[in-house]
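Report on one structure; see the data block that follows.
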Amino acid sequence: GLVILSVTNPPSPTQVGHFTRPPGSGGFTGVHLSSDGRIAYAVGGEGNSDEAFRVISVTNPAAPTLLSGYADPQRGESFADVAMSPDGTTAFLVGRNVGLQVVDVSRETSVFYVSEFHELIDDVAPQATGVALSEDGNTAYIAQHGSGMRVVDVSGVYDVDDDGLPNWWEVLHFNSVTSASPTDDG
């Protein structure tokens with residue numbers, strides 16, 4: 001599960017809350033806290049997890065609440081780590097046999113799949129264990145168990161349909177990523 005600690009007294013941290021996963025689903029292996037401290041993005045689970053990526057409200061640390069979840073749509077595998085785009089609207093997930101998956105989290109209660117780099121990553125790093133993004137969010141650094149790191153240009157995932165509008169804006173105004181034009185009303 002996810003344990004929330006108070007470190008107001010660093011030599012003696014105290015538990016203030018926890019979020020428990022369903023029995024048999026395994027623990028979390030990676031977590032990222034939103035820049036405003038309201039949302040925890042957590043990954044993990046035992047293979048074929050129905051929701052290997054969880055979006056959890058930690059606004060009330062004593063009682064964290066599940067907002068939404070996401071599972072690998074094709075392979076049903078668990079994720080090992082998560083990194084967030086600089087604007088907090090896109091999650092980058094890695095794990096065994098899933099490569100690098102990109103998920104839109106601009107609507108915290110309804111996350112959705114955007115893109116993936118499965119073949120690119122799996123040919124070189126099938127056992128991805130960690131992910132970090134460059135400061136501008138355009139480059140992903142993928143750690144692989146046993147054989148180093150892969151560097152991937154991910155700049156194209158913020159506008160997957162190449163219409164000049166960011167994915168999060170299209171979802172907000174059109175409820176999905178569409179081939180809208182910047183002059184369309186939303």
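Here, residue 1 is the first one in the sequence, and each next residue gets the next number.
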Okay, side chain of Thr89, backbone of Ser106: is any donor-acceptor separation there less than 3.5 Å?
no
Ser68 side chain to Glu108 main-chain N or O, any donor-acceptor pair under 3.5 Å?
yes
Nearest 0.5 Å, please: how far is [atom2] in [Y] from [atom1] in [X]?
X: Asn60; Y: Thr65; atom1: CG; atom2: OG1; result: 7.0 Å
X: Gln144; Y: Thr129; atom1: CD; atom2: OG1; result: 8.0 Å
X: Ile56; Y: Leu33; atom1: CD1; atom2: CG; result: 11.0 Å

Does the side-chain contact (heavy atoms from CB on, under 4.5 Å) test come out yes or no for Arg54 and Leu2, once each step is laid out?
CA-CA 11 Å; Arg54 304 269 176 129; Leu2 176 68; over 6 Å; no
Taking side-chain contact (heavy atoms from CB on, under 4.5 Å) as the definition, give me every residue that meets it alongside [X], ordered by chain and number, with sequence neighbours left out.
X: Pro13; value: Val7
X: Ser34; value: Asp36, Arg38, Ile39, Tyr41
X: Gln15; value: Val3, Leu5, His18
X: Asp153; value: Ser155

Walk me through it: do Gln101 and Phe53 pass the test side-chain contact (heavy atoms from CB on, under 4.5 Å)?
CA-CA 11 Å; Gln101 288 192 19; Phe53 172 58; over 6 Å; no
Grab the two heavy atoms, one from [X] and one from [Y], that are nearest each other, plus how far apart they are.
X: Pro64; Y: Val58; result: CB-CG1, 4.2 Å
X: Leu100; Y: Ala140; result: CD2-CB, 4.1 Å
X: Asp87; Y: Thr90; result: OD1-N, 4.3 Å
X: Val154; Y: Gly137; result: CG2-O, 3.5 Å
X: Asp81; Y: Val131; result: OD2-N, 3.0 Å
X: Ala80; Y: Ala128; result: CB-O, 3.9 Å

With [X], which residues qualify under side-chain hydrogen bond (donor to acceptor under 3.5 Å, both in side chains), at least two apart?
X: Ser57; answer: Thr59
X: Ser6; answer: Thr8
X: Ser134; answer: Asp136

Using the side-chain contact (heavy atoms from CB on, under 4.5 Å) definition, which of the options Val152, Leu133, Val103 pairs with Phe92?
Leu133
